[in-house]
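Each remark here refers to the structure printed beneath this line.
Just so it is clear: chains get the letters A, B, ... in the order the sequence lines come, proteins before strands, and each one is counted from 1.
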Amino acid sequence: MARQMREIIWRTIRAISTSVLFTRLAKGVMTVFVVMTLTFFIIRLMPSNPIEIYINQLVSQYGMSFQEAKNMAASLFSIDMDAPLYVQYFSYLGNLFRGDLGKSFLSQGTPVSSMIAQFLPWTLFSVGVSLLISFSLGIFLGMTMAYRRGGILDNSLSTFASFVSSIPNYLVGILFLVFLGVRWKIVPIMAMRGSTSPGIQPGFTITFVKDVFFHATMPILTYVTTAIGGWMLTMKNSTVSALGEDYVTVAKARGLRERTITVSYVGRNAILPLFTSLAISIGFIIGGSPLIESIFVYKGIGWVLWSSISTRDYPVMQGVFLVITISVVMANILADLLYSKLDPRIKAGQG
Amino acid sequence: MQATATKTAPILSTRDLWLEYSNRRGTVKAVRGITIDLYRGESLALIGESGSGKTTLGLSLIRLLPGSGRVRSGSILYEPDGRTQDILSMSEEAMRRFRWQEIAMVFQSALNAFNPVLRIWDQIYDTVKAHDGMSKQEARKRGLELLKMLQLDPERVIRSYPHELSGGMRQRVLIAVSLLLNPKILILDEPTTALDILTQRNIIDLLRKIKTELDLSMVFISHDLSLAAELADRVATMYAGSVVEIGPVNDMFYRPRHPYTVGLIKAVPTVTGDYRELFSIPGSPPDLVDLPSGCKFHERCDRATKRCHEEEPELVPVGDGHYVRCFSAT
Ligand SMILES: Nc1ncnc2c1ncn2[C@@H]1O[C@H](COP(=O)(O)OP(=O)(O)OP(=O)(O)O)[C@@H](O)[C@H]1O
Ligand code: SF4
Ligand SMILES: [Mg+2]
């Protein structure tokens, strides 16, 4: 009886530990842990610390004497900056395992977790929508280019795509801000600040959804502009090579309808290589979010990171880096699973 | 075998068909004035070296010339039951329905003939859906039946993805799928080239079985005369885009008249299963962009005379249904 139980438990453990999803998740957890540790130390290696910065602010802004400012800062910051790094690290780890991300040094000691809960959704929303738009539009345009390769449309779209994909996204953001917002005043850049308009009732109402999109317009426009070129070019190339595959000729010989061939024979195969870049692209967009969000004062997690860096608000920086890492790792796993669903030749988690 | 007796009406004919491609150097004259008939129920082999235009001719029959390929002149007539259809003037939609329903083709590079992301069943059903007249259940039943006929494990294969099948299996699946809609004509373009010798043997045997069991006309393309001899009622040798000799298989084998056919036969090893050396004919095929004058074979022919350099011979009869394009043969 006991032996049977042991046998069953043992088998279950083996089945779980050899399953691809499990290895994939285990790898993800490892990645998160390593990145978390690295950021912990790198953040603390940055020149000057939050107390110094705060003291300097008090002195320069309120004309306090250095001693006054120092006393005030000491009463505000309840942390011991002089404890050895490894002690700080292990106490951080301990708290983390209890789900405690610490409190912001500034912002009246707001818990980091509630800051994340407040600001992360906006970033996930704008980044997610941007990916969806740039990916689907890029695929559509890329395929159109491939089907009309050599024509005027293809040539002009190719030029556009290589151009936009070579400019860094913060530069695109600044250009949009300067030209669309300030010079030509096409978009009401001031009204768009923040993630929602003040006083609006959250809920699934048309007004609220419209407002959310209104505030996210500029970040989304920037992400889409910089990401779409890559999708277009990759999709064009893979469509061109799919069009030359024997199975497409055979599909024509079988008398399949043009639509079936375009969608399930050419399109489905041409999309596959894009899933490898999908993971990279997600990391890229999220990595660019601090700059883009601060350019447009879009109050997402990137904006929080940007402001916490300038005040050296360690717990906030640490927490934001952690969620960004987790999001990127999760997006990677998702892209991987999706890929293996679409390509029967690949088993999830390979490569 | 009722080789020469098949004097029924042709089911498919080409009339003075010229096909060409463009490349950087100019016009590739891939098929030059071919007039050939395929009779109902017969199996016709097209043989010739690489580049002689066999695939180009085969693809033109279902209007699928690749890339820059186009018809310069001539016509292709399909006459299944008294009516005559001009394939080259059919509408796109009519042509789409025509393909596979009337003429199916098994391709030279069949290893990639199937969409890698769809199961065999999906591709069978795709084919059926594109042509009306068969329900899903009927399609499944017919698919399983044909897979079985090709000695495959039907239930397993129909559920498989292409990469789960070996090359020989994929080739047999493609042959099975080609028979799905009961086409009247089956074009087989070097169906065994990419396979090992045993698999080759097996597929030839299956094709022979299909030929006797089903009411089909076949065009069998190969550069291997010995394979052609096993399946064909008639054989046509192609050289530089034209037919240089055509006749009943026995005449072609035992009484070849064209120096090129003679060369091809000599190149076939006598012991079966022996390593097949390709062609021992000296020299190489002519440049199809800049063709030589006179008989296109004269540069490689040991019987060539002055006349051969100046004039291109016509295809003339030398026996019952046996025609040759050579001055020295008449
Ligand atoms: N897509 C194409 N574009 C340009 N030229 C082509 C194309 N396809 C074939 N050709 C040319 O047409 C000629 C005939 O080719 P084809 O493929 O019909 O020969 P084949 O007899 O089938 O040869 P093989 O035994 O190698 O299959 C060759 O000279 C080839 O280079
Ligand atoms: S016509 Fe002349 S060159 Fe041509 S095959 Fe006959 S003998 Fe040779
Ligand atoms: Mg060929």
With a 4.5 Å limit on heavy-atom distance, are the side chains of V250(A) and V177(B) in contact? no

Side chain / backbone / both / neither for L272(A) at chain B, heavy atoms under 4.5 Å: side chain

Heavy-atom donor-acceptor pairs under 3.5 Å, chain B with chain A:
from	atom 1	to	atom 2	distance (Å)
R96(B)	NH1	G255(A)	O	2.7
S109(B)	OG	D246(A)	OD1	3.4
S109(B)	OG	D246(A)	OD2	3.1
N112(B)	O	Y247(A)	N	3.0
N115(B)	OD1	N269(A)	ND2	2.8
N115(B)	ND2	S264(A)	O	2.8
Q123(B)	O	R254(A)	NH2	2.9
D126(B)	OD2	Y265(A)	OH	2.8
T127(B)	OG1	R254(A)	NE	2.9
T127(B)	OG1	R254(A)	NH2	3.3
H131(B)	NE2	R254(A)	O	2.9

Does a sphere of radius 6.0 Å around CG in D81(B) hold more than 12 heavy atoms from other residues, nucleotides or ligands, not counting ones at 6.0 Å or beyond? yes

Looking only at heavy atoms, what is the nearest atom pair of P344(A) and P116(B), with distance? CG-O, 3.3 Å

Contacts of F140(A) meeting ring pair (Phe, Tyr, Trp, His ring centres under 6.0 Å) (sequence neighbours excluded), chain-then-number -> none

